[in-house]
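Before any comments, here is the structure.
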Amino acid sequence: MEKEKLYFLVGPTASGKTAVSIELALRLNAGIVSADSIQVYRGMDVGSAKPTRAEQRGILHHMLDVVDPKERDFSVARYREEALICVSDILSRGKKPLVVGGTGLYVNALVYPLDFPLAPPNEELRACWNKREAEQKGSAHTKLRALDPETAARLHPNDVKRVIRAIEICEATGKMLAEQGCDFTRRDDESLPYIPVMAGLNLPREALYARIEARVDEMLRAGLLDEVRGLLGRGIDPACPAMQGLGYKQLAAYLRGECALSEAIEAVKRETRRFAKRQLTWFRRETRIRWFDATEYNGPAALSDAVCGYFTEA
RNA sequence: GCCUCGGUAGCUCAGUUGGUAGAGCAAGGGACUGAAAAUCCCUGUGUCGGUGGUUCGACUCCACUCUGAGGCA
């Protein structure tokens with residue numbers, strides 16, 4: 001059976017993915033699957049730059065608003081499971097699936113046959129090792145060296161989250177990570193569920209940073225502070241994963257009186273710049289991506305013409 | 001016009017009896033397998049304002065000069 005093509009539009013935050021994706025979907029007759037770790041949360045709209053109904057222009061959007069911010073256990077595994085259903089749903093309607101987003105791990109979960117090990121998060125175990133680690137730095141890594149030396153060698157002792165997750169996997173499955181049989185460093189397309197056709201949006205760094213700053217200011221004008229206040233008012237724990245999102249975290253700190261508003265805003269901008277840099281590091285390693293510089297095109301329509309050309313000949 | 005204090009990394013500044021420089025922040029690079037907008041690792045990027053001079057050797061001392069702030073006129 002011939003494999004279907006799966007289109008991707010990736011890139012750092014504020015590179016203009018949303019506008020291009022809508023234009024692109026109109027041209028391709030596509031349905032959009034978001035690959036964004038914050039847009040999945042209901043009520044986190046302004047801060048995640050979630051496309052509004054009007055902006056969506058009738059294009060089907062999936063993987064938006066699929067979980068309440070109160071839920072602490074949304075994960076890549078669940079994202080993959082649900083997003084793959086969305087992809088086949090789009091295909092069954094005779095449309096093309098277009099994955100759009102900047103969360104590299106989520107993108108990889110759709111490109112690669114990542115069967116996550118059968119080791120769901122174990123809050124108790126995590127809390128236990130976080131505590132031990134706080135008392136004695138490096139103790140989690142020492143434990144991992146005994147359970148899974150290969151993974152321990154690969155992970156830095158300070159990378160506590162990953163070290164603890166590796167322990168979690170070993171304890172739950174009785175096997176080491178390398179024995180779990182999934183690997184997204186593989187370059188052979190044979191094993192992939194779909195044929196990935198990937199486009200990346202980028203801008204010269206200075207232009208990207210200028211857009212980030214302008215967009216943060218725009219979000220504030222659009223009511224980001226009220227959005228954050230509303231979430232906290234609903235009793236959402238500021239420490240939960242959803243509230244670690246850019247903008248939410250810093251403004252929540254301001255609302256708690258921990259800093260001045262201007263400081264919080266500067267922090268949002270700075271952290272967003274750093275995030276964009278990390279996104280680029282992630283995507284640069286994916287050699288399948290064909291990159292488009294947004295400054296070389298006159299607006300999203302022209303850009304999507306170019307991307308569409310690449311998609312249809314690929 | 002005179003006096004004083006400055007001019008060193010993108011920014012704020014250190015720099016010890018003269019041996020071509022270092023902190024914080026910003027920034028850059030990398031990693032990433034059920035928290036990923038999370039988490040973690042690595043890196044100093046420099047005509048030391050300019051030109052001459054003294055010296056084996058000048059960011060450091062001297063002269064002149066450009067420039068910023070303040071003070072006195």
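A, B, ... follow the sequence lines: proteins, then strands. Residue 1 opens every chain.
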Q. For G247(A), which contact category applies under a 4.0 Å heavy-atom criterion: base, sugar-phosphate, or nothing?
A. nothing
Q) Counting any heavy atom closer than 4.0 Å, what does S48(A) reach on the DNA or RNA strands: base, sugar-phosphate only, or nothing? A) base
Q: Look at R205(A) and G29(B) and indicate whether a side-chain polar atom (N or O) is within less than 4.0 Å of OP1 or OP2.
A: yes
Q: With sequence neighbours excluded, tell me which residues meet salt bridge (Lys or Arg N to Asp or Glu O under 4.0 Å) with D45(A).
A: K50(A)
(Q) Taking G28(B) as the reference, what is the distance to C13(B) when you measure between their P atoms (whole Å, please)? (A) 24 Å
Q. Among A36(B), A35(B), A38(B), which is the nearest nucleotide to the side chain of N130(A)?
A. A35(B)
Q) Does E71(A) have any salt bridge (Lys or Arg N to Asp or Glu O under 4.0 Å) partners at least two apart in sequence or in another chain, and if so, which? A) R78(A)
Q.
Any base atoms under 4.0 Å from R278(A), or only sugar-phosphate, or nothing? Heavy atoms, all strands.
A. base
Q. Side-chain donor or acceptor of R162(A) under 3.5 Å from a matching atom on the base of A38(B)?
A. yes
Q) Hey, does Y106(A) reach any base, or is it just sugar-phosphate, or nothing, if we go heavy atoms under 4.0 Å? A) sugar-phosphate
Q. Does R270(A) put a side-chain nitrogen or oxygen below 4.0 Å from OP1 or OP2 of A26(B)?
A. yes
(Q) Heavy atoms from C-beta onward define the side chain here; which of C40(B), U33(B), G30(B) lies closest to that of T281(A)? (A) G30(B)
Q | First encountered from the 5' end of RNA chain B, between Y209(A) and D36(A) | A | Y209(A)
Q | Pairs flagged by ring-ring contact (aromatic ring centres under 6.0 Å, His included) wherever residues 5-29 of chain A is involved - sequence neighbours left out | A | Y7(A)-F311(A)
(Q) If the condition is ring-ring contact (aromatic ring centres under 6.0 Å, His included), which residues does Y79(A) pass it with, not counting sequence neighbours? (A) Y106(A)
Q. What stems, by residue range, does RNA chain B take part in, given at least 3 consecutive Watson-Crick or G-U pairs under 3.5 Å?
A. B:1-7 with B:66-72, B:10-13 with B:22-25, B:27-31 with B:39-43, B:49-53 with B:61-65
Taking only N/O atoms, report every protein-nucleotides 9-12 of chain B pair under 3.5 Å with atom names and distance.
none

Q. Using the P atom in both, what is the distance from G68(B) to A63(B), to the nearest Å?
A. 22 Å
Q) NA contact type, F74(A), heavy-atom cut-off 4.0 Å: base, sugar-phosphate, or nothing? A) sugar-phosphate
Q: Looking only at side-chain atoms of R274(A), point me to the closest of A36(B), A26(B), C40(B).
A: A26(B)
Q. Looking across every strand, which nucleic acid part, if any, lies under 4.0 Å from R165(A) by heavy atom: base, sugar-phosphate, or nothing?
A. base
